[in-house]
Amino acid sequence: MDINWYPGHMTAARRKMQEDIKLCDIVIELLDSRIPFSSSNPDIKTLANNKKRLIILNKADMADPQITESWIKYFKEQGIKAIPIDARVRKQTLMITNAVREVAADKIERDRRRGIAARPVKAMIVGIPNVGKSTFINSYVGKTAAKTGNKPGVTKGNQWIRISKDINLLDTPGILWPKFDSPEIGLRIATIGSINDDILEMRDIAAFIIDFMQTNYCNVLADRYMIKDGVKRDEILYAIADNKKCIKKGGEPDIDKAARLLVDDMRSGNLGRVTLEKPENI
């Protein structure tokens, strides 16, 4: 399944980001801890190639903690600081303040040498759709400063948000890039809900989840949906439909409903702490 979703507004958003990044001292990139590589927009690396970067691994509470540690090490080896958080927990988001100061230390020192005091660090915050950027900002600020939603495309334009006397954030819309390098990247992004579901085949996403879980977290599906031993992979959706009473009129299993249920369980964390990619496999 070849997935690409790049609405027209993303072209304009990228152009605006390219203009505004010149005003910023650092770039904060929000990634989904379950897919840190696939949720990183390669366009951001190009736009921010002369800026210091801070990576926030959001939804860390839903990701495999051991693999998250591997990703933190991976980014550190590239000279990039990465912090895992659950953006809904304000105590965790407040840790970002010291991280911003650390990443912007050179800028702060230059200001000090020039006799410039209390000039705030300007940080552009970026991320693909539905990685929790608005939730993070609202939690960080302590009030509703950005619209939130569980679907892509909620943030429509750039806006400056004052975090404190020494940090200003420039919020930007979530954007993808025109063509994914591989079908697997598209499937991972679709799995976490960063692509409009209206263009997707839920059965294809469900099949990807089944294949991945059976290979990497082999007992999870069996335990959650009480799937008996010996059930083949292409029969698992039927087993889920039976367990969750996904039945059409006439008594036939509703495979589309079962697929949607499985995808929703993955997105909400009901399948446990799952990470869909490792640094050594990218």
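The shown structure was predicted, so the numbers you read here are calculated from the model rather than taken from an experiment.
- Gln78 CD: more than 12 foreign heavy atoms inside a 6.0 Å radius.
- More than 12 non-hydrogen atoms from other residues, nucleotides or ligands lie less than 6.0 angstrom from CZ of Phe212.
- Side-chain atoms of Ile192 and Ile35, non-hydrogen and from C-beta on, do get closer than 4.5 Å to each other.
- Note that CG of Leu31 is 9.0 Å distant from CD1 of Ile56, once rounded to the nearest 0.5 Å.
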Stepwise side-chain contact (heavy atoms from CB on, under 4.5 Å) check, Arg119 with Lys107: CA-CA 10 Å; Arg119 186 168 72 174; Lys107 178 265 181 194; 3.9 Å; yes
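- Under the rule for a ring-ring contact (aromatic ring centres under 6.0 Å, His included), the partners of Tyr74 that lie at least two apart in sequence or sit in another chain are Trp71.
- Taking CG from Asp61 and OG from Ser33, the interatomic distance works out to 8.0 Å, rounded to the nearest 0.5 Å.
- The ring-ring contact (aromatic ring centres under 6.0 Å, His included) contacts involving residues 87-143 comprise Phe136-Tyr140, where partners must be two or more places apart or lie in separate chains.
- Across all their heavy atoms, Pro173 and Ala13 have their closest contact at CG-CB, 4.2 Å.
- Gln92 contributes a side-chain N or O that, together with a main-chain N or O of Asp86, makes up a donor-acceptor pair within less than 3.5 Å.
- In this structure, the separation between NZ on Lys22 and CG on Leu47 is 10.5 Å, given to the nearest 0.5 Å.
- For the pair Asp25 and Lys51, the salt-bridge criterion is not met [side-chain N within less than 4.0 Å of a carboxylate O].
- Residues Leu54 and Glu29 form no side-chain contact, since every pair of their non-hydrogen atoms from C-beta on lies 4.5 Å or further apart.
- Between Leu276 and Ile209 there is no side-chain heavy-atom pair separated by less than 4.5 Å.
- Residues Leu57 and Ile83 form no side-chain contact, since every pair of their non-hydrogen atoms from C-beta on lies 4.5 Å or further apart.
- Within a 6.0 Å radius of NZ in Lys278, other residues, nucleotides and ligands contribute 12 heavy atoms or fewer.
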For Tyr217 and Asp64, what are the C-alpha separation, side-chain angles and deciding distance, and is it a side-chain hydrogen bond (donor to acceptor under 3.5 Å, both in side chains)? CA-CA 11 Å; Tyr217 300 90; Asp64 187 315; 3.1 Å; yes
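- Heavy atoms of other residues, nucleotides or ligands lying less than 6.0 angstrom from CD of Glu19 number more than 12.
- None of Ser38, Ser39, Pro183 except one satisfies the side-chain contact (heavy atoms from CB on, under 4.5 Å) rule with Arg188; the exception is Ser38.
- Contact of the Asp166 side chain with the Arg101 side chain is registered, since non-hydrogen atoms from C-beta on lie closer than 4.5 Å.
- Closest approach of Val263 to Met202, counting heavy atoms only: CG2-SD, 4.0 Å.
- To the nearest 0.5 Å, the span separating CD1 on Ile247 from CG on Asp254 amounts to 8.0 Å.
- With hydrogens and angles ignored, the 3.5 Å screen pairs no side-chain donor or acceptor of Lys73 with any backbone N or O of Thr68.
- Ile175 and Ile199 fall within the same hydrophobic cluster, defined by Ile, Leu, Val, Met, Phe, Trp and Tyr side-chain heavy atoms under 4.5 Å apart, directly or through other members.
- Hydrophobic clustering places Ile80 together with Met95 (ILVMFWY residues linked when any side-chain heavy atoms are closer than 4.5 Å, directly or through intermediates).
- Once rounded to the nearest 0.5 Å, the distance linking CD1 of Ile28 with CE of Met124 reads 11.0 Å.
- Both Ile26 and Leu94 are part of a single hydrophobic cluster, where members link through side-chain heavy atoms under 4.5 Å apart.
- A donor-acceptor distance shorter than 3.5 angstrom exists from the side chain of Ser268 to the backbone of Asp264, with no hydrogens or angles considered.
- Within 6.0 Å of atom CG in Asp181, 12 or fewer heavy atoms from other residues, nucleotides or ligands are found, so the atom counts as exposed in its surroundings.
- Ion pairing of Asp106 with Arg110 is absent here, as no side-chain N (NZ or NE/NH1/NH2) approaches a carboxylate O to less than 4.0 Å.
- Hydrophobic cluster membership differs between Val231 and Met226, with clusters built from Ile, Leu, Val, Met, Phe, Trp and Tyr side chains linked at under 4.5 angstrom.
- Heavy-atom neighbours of Arg88 CZ from other residues, nucleotides or ligands within 6.0 Å: at or below the threshold of 12.
- What you find for Ala190 and Leu200 is that their closest heavy atoms are CB-CD1, 3.9 Å.
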I'd like to know whether Arg203 forms a side-chain contact (heavy atoms from CB on, under 4.5 Å) with Ile255, so could you lay out the CA-CA distance, the side-chain angles of the two residues, the decisive distance to 0.1 Å, and finally the verdict. CA-CA 8 Å; Arg203 291 196 192 195; Ile255 302 305; 3.8 Å; yes
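- Gln214 is listed as a side-chain neighbour of Leu221, based on a closest heavy-atom distance under 4.5 Å.
- Heavy-atom minimum distance, Ile44 versus Val27: CG2-CG1, 4.4 Å.
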Check against salt bridge (charged side-chain N to carboxylate O under 4.0 Å, His left out), Glu109 and Arg113: CA-CA 6 Å; Glu109 177 61 18; Arg113 289 176 180 174; 3.2 Å; yes
Salt bridge (charged side-chain N to carboxylate O under 4.0 Å, His left out) between Lys232 and Glu235, intermediate numbers included: CA-CA 5 Å; Lys232 297 178 181 179; Glu235 297 173 342; 5.4 Å; no
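- The side-chain heavy atoms of Ile167 and Pro120, taken from C-beta on, include no pair separated by under 4.5 Å.
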With side-chain hydrogen bond (donor to acceptor under 3.5 Å, both in side chains) as the criterion, how do Asp265 and Tyr225 come out once you've worked through the C-alpha distance, each side chain's angles and the decisive distance to 0.1 Å? CA-CA 11 Å; Asp265 277 348; Tyr225 303 113; 2.6 Å; yes
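- In this structure, Arg90 contributes its side chain and Ser139 its backbone to a donor-acceptor pair below 3.5 Å.
- Here the side chains of Arg14 and Trp177 are not in contact, with every heavy-atom distance at 4.5 Å or above.
- Under the 4.5 Å side-chain contact rule for hydrophobic residues, Met62 and Val131 do not share a cluster.
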Please report the C-alpha distance between Asp197 and Arg260 in whole Å, then the side-chain angles of each, then the deciding distance to 0.1 Å, and finally whether the side-chain contact (heavy atoms from CB on, under 4.5 Å) criterion is met. CA-CA 10 Å; Asp197 282 347; Arg260 163 58 72 181; 3.2 Å; yes
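- Note: Lys81 NZ to Phe75 CZ = 13.5 Å, rounded to the nearest 0.5 Å.
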Decide yes or no on side-chain contact (heavy atoms from CB on, under 4.5 Å) for Cys24 and Leu170, but give the supporting numbers first. CA-CA 8 Å; Cys24 298; Leu170 178 58; 4.1 Å; yes
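- Within a 6.0 Å radius of NZ in Lys122, other residues, nucleotides and ligands contribute 12 heavy atoms or fewer.
- In plain terms, the two heavy atoms of Ala206 and Ala259 that are nearest each other are CB-CB, 3.8 Å.
- Arg233 and Thr215 form a side-chain donor-acceptor contact under 3.5 Å, judged by distance and modelled atom types alone.
- Ile128 and Ser194 make their closest contact through CD1-OG, 3.6 Å (heavy atoms, listed as atom of the first residue, atom of the second, distance).
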